[in-house]
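Read the structure below first, then the notes.
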Amino acid sequence: MKMKKMLGAAALTTAAAFSISAAAQASSFSDVSEGFWAQEEISYLADENVMNGYQNGVFGVNDAITRSQAARTLVRIHGLDTADPEPVSFSDIEKSDSAYPSIAAAVEAGYFADAEAFHPHDLLTRAQMAAILTRSYNLQTAQPVDYKDVPEEYWAEGQISALAAHRLTTGYEDLTFRPSETVTRAQFGVFLARAEKESFRAPYAVLPQKEADGLYYPKVNGLSADTEEVINQTFEEQAQQASERRREVAELSEQEPDEDLAEAYEYQQDYRVESNTGDYLSVVFESYEFTGGAHGMSHQAAFTFDPQTGEDVQLQHLFDADTNYAFVFNERIRSGAPDNGEAFELIVDFEGVDPATDQFYVTEKGPAVYFQPYEIGPYAAGIPSYTVPWETFSANGSDRPDIQSFSFQIEGMKDEDTFKLMDEAGMPFTTYVPRYFDVENISSGAADGVLVSAAFTEEAQPTDDPVWRFIYPSYGKGGEGTLESMIQNVHHYARQDDVNLQIVNENDHPDFGEYEIRFENEEGGTYRITILEHDGTFMEWHRVYPVEMEEGIGARAEVLKEQWQWRE
């Protein structure tokens, strides 16, 4: 807090709407619950005896604030002397009014203009709030902030821009400021606390800029100069591309022989901020154009940055290196409706999300991937997006320890090895595999799985080819196949010329799984396939390894089977 001036007695006199409750009760206002969006700011102002609750124990978070109440609050927080202010001659204020000393002191300080009338009982608007806060805290800016509903000629345009430039506000998601809306006590408290203490402000702001009518782009304010330059250059280039496309659409309209249709040609661009935190800045540009035909076309482009460095964030940067995030997205897309809309039938043979796609953004809930119109769905599906909660990618199948030691039989003797928990994202089961075996998630569109290559020491290189393959459908619970059809597929696979496996035996009632078949290849190596079923979905476990590794791999496979647990 800045040093206070002497408080006059009149400044301590409060109307009923601002009656004082003890600062100790600041955290116990009945209408300010734990986690309330303005809780910290309200508690701070109550502790400072700047804004207090009513005598009935409520703060009145949704009550509108009047101009005279705003004047009294500013007088308190700035510690203005109300004992003998310069007189004012408003037609609607008498010296005998309880609010007169505060209003006069606020006018003398320059917070309000000395005019014919003060309108003390009028509700404070957002534009008026911007004006009095920028005056009382001397907030200025040379950079306009282009809210859609605040034109250049608007009387408070400069003050609203200054409020935004100093990170007291970002406006609304639709790129408006809504200057004529009235201000509630909670809202005024938040703005006042941000003006008084920078710690209440967002670390940086993302503010609208107008390239041309109907073309908007964001500008970052509050980061380091180098970081701002990198991020803002990207946004400005996007705006310039949009402006060029609008020029092209205008030229096309001039070539359109149908005058009525030509007038309908248009190109617009907006943006929305999906994430604005210390971890990620994620912005989505949305454009729409009409150049004739049955309908216009929309397009979406997203950019995600590290706000600390300005570096571009790619989808894989959001996850640990061994997270099969593509599988998780595939499952979400195939098994449910998009974020906004009803489920639709895919119009293409969807092969899965490209792990390196740039069609993604980050939200507080989790990352989202999206598709352009007609990319996977009909026009009515628009731009379908699919958000997956963060916890889905890190969900653990159980509370089993990451490392375990197990004993097993090798050549009639007991041996022991250290195993690690195999708990891959999206995998329908967990189990243990030898510690130095290499595990790799795979995605092939129609099926996903895990490849395991063998190594028995930390220094040893894993085998070139995997010794185990776990293949399971990317989606669906039942109806995707039968045990009989999967067995036929296994036989068909073995008969292929480039595979050429000879059946040694098969068992439709094995100890583990629904079906098992054992082959030998031309080199005499063993190849086993076990078909398992869980919750209506079948999967295959393939085991193949060189002859010389059969004893060691086989024994360790028994541990894997014993430790197998299906996810719930």
Inset, instruction - Determine which pairs satisfy side-chain hydrogen bond (donor to acceptor under 3.5 Å, both in side chains) with at least one residue from residues 459-470, sequence neighbours left out, and list them in order. - result: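 Listed once each, the pairs would be none.
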
Tell me, do [X] and [Y] make a side-chain contact under 4.5 Å, heavy atoms counted?
{"X": "Thr234", "Y": "Asn232", "value": "no"}
{"X": "Gln372", "Y": "Tyr370", "value": "yes"}
{"X": "Leu175", "Y": "Tyr271", "value": "yes"}
{"X": "Phe437", "Y": "Phe456", "value": "yes"}
{"X": "Lys420", "Y": "Val433", "value": "yes"}
{"X": "Pro367", "Y": "Tyr325", "value": "no"}
{"X": "Glu173", "Y": "Val273", "value": "no"}
{"X": "Glu516", "Y": "Glu506", "value": "no"}

Distance-only polar pair, side chains of [X] and [Y], donor-acceptor under 3.5 Å:
{"X": "Gln269", "Y": "Tyr216", "value": "no"}
{"X": "Glu251", "Y": "Gln255", "value": "no"}
{"X": "Ser275", "Y": "Ser282", "value": "no"}
{"X": "Thr363", "Y": "Glu274", "value": "no"}
{"X": "Glu41", "Y": "Gln39", "value": "no"}
{"X": "Gln240", "Y": "Glu211", "value": "no"}

So, are [X] and [Y] salt-bridged, with charged N and O less than 4.0 Å apart?
{"X": "Arg556", "Y": "Asp417", "result": "yes"}
{"X": "Glu198", "Y": "Arg167", "result": "yes"}
{"X": "Arg272", "Y": "Glu286", "result": "yes"}
{"X": "Asp270", "Y": "Lys148", "result": "yes"}
{"X": "Glu289", "Y": "Arg245", "result": "yes"}

Neighbour count >12 (heavy atoms, 6.0 Å) for atom [atom1], [X]:
{"X": "His492", "atom1": "NE2", "result": "no"}
{"X": "Asp511", "atom1": "CG", "result": "no"}
{"X": "Glu533", "atom1": "CD", "result": "yes"}
{"X": "Asp498", "atom1": "CG", "result": "yes"}
{"X": "Glu550", "atom1": "CD", "result": "yes"}
{"X": "Lys561", "atom1": "NZ", "result": "yes"}

Legend entry - Check: Phe406 ring centroid to Tyr432 ring centroid under 6.0 Å: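 Ring centroids of Phe406 and Tyr432 are less than 6.0 Å from each other.
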
Inset, instruction - Establish, yes or no, whether a centroid distance under 6.0 Å links the rings of Phe285 and Phe303. - result: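 When the ring centroids of Phe285 and Phe303 are compared, they turn out to be within the sub-6.0 Å range.
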
Legend entry - Test side chain to side chain donor-acceptor pair (under 3.5 Å) applied to Tyr527 and Glu520, Arg518, His542, the passing residue: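 Between Tyr527 and the candidates, side chain to side chain donor-acceptor pair (under 3.5 Å) is satisfied uniquely by His542.
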
Inset, instruction - Please state whether the rings of Trp566 and Trp564 are parallel, tilted or perpendicular, taking 30° and 60° as the class boundaries. - result: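 Taking Trp564 first and then Trp566, their aromatic rings stand perpendicular (interplane angle over 60°).
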
Inset, instruction - Assign the ring pair Tyr379 / Tyr374 to parallel, tilted or perpendicular, where the plane angle (0 to 90°) is split at 30° and 60°. - result: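 Tilted, since the angle between the ring planes falls between 30° and 60°.
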
Inset, instruction - Calculate, to the nearest 0.5 Å, the distance between atoms NZ and OG belonging to Lys414 and Ser407 respectively. - result: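 Lys414 atom NZ to Ser407 atom OG measures 5.5 Å (nearest 0.5 Å).
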
Minimal non-hydrogen separation, [X] against [Y], with atom names:
{"X": "Ile376", "Y": "Phe371", "answer": "CD1-CD1, 3.5 Å"}
{"X": "Pro373", "Y": "Ile383", "answer": "CD-CG1, 3.7 Å"}
{"X": "Thr170", "Y": "Ala205", "answer": "CG2-CB, 4.3 Å"}

Inset, instruction - With Arg567 as the cation and Phe429 as the aromatic partner, state whether NZ or CZ is under 6.0 Å from the six-membered ring centre and within 45° of the axis. - result: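 Judged by the rule, Arg567 and Phe429 form no cation-pi pair.
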
Inset, instruction - Please say which of Thr304, Val220, Asp306, Val313 ends up in a side-chain contact (heavy atoms from CB on, under 4.5 Å) with Leu281. - result: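 With Leu281 as partner, side-chain contact (heavy atoms from CB on, under 4.5 Å) holds for just one option, Val220.
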
What donor-acceptor contacts under 3.5 angstrom involve side-chain atoms of residues 338-347, with partners at least two apart or in another chain?
{"from": "Asp339", "atom 1": "OD1", "to": "Arg332", "atom 2": "NH2", "distance (Å)": "3.0"}
{"from": "Asp339", "atom 1": "OD1", "to": "Thr387", "atom 2": "N", "distance (Å)": "3.0"}
{"from": "Asp339", "atom 1": "OD2", "to": "Ser385", "atom 2": "OG", "distance (Å)": "3.2"}
{"from": "Asp339", "atom 1": "OD2", "to": "Thr387", "atom 2": "N", "distance (Å)": "3.1"}
{"from": "Asp339", "atom 1": "OD2", "to": "Thr387", "atom 2": "OG1", "distance (Å)": "2.6"}

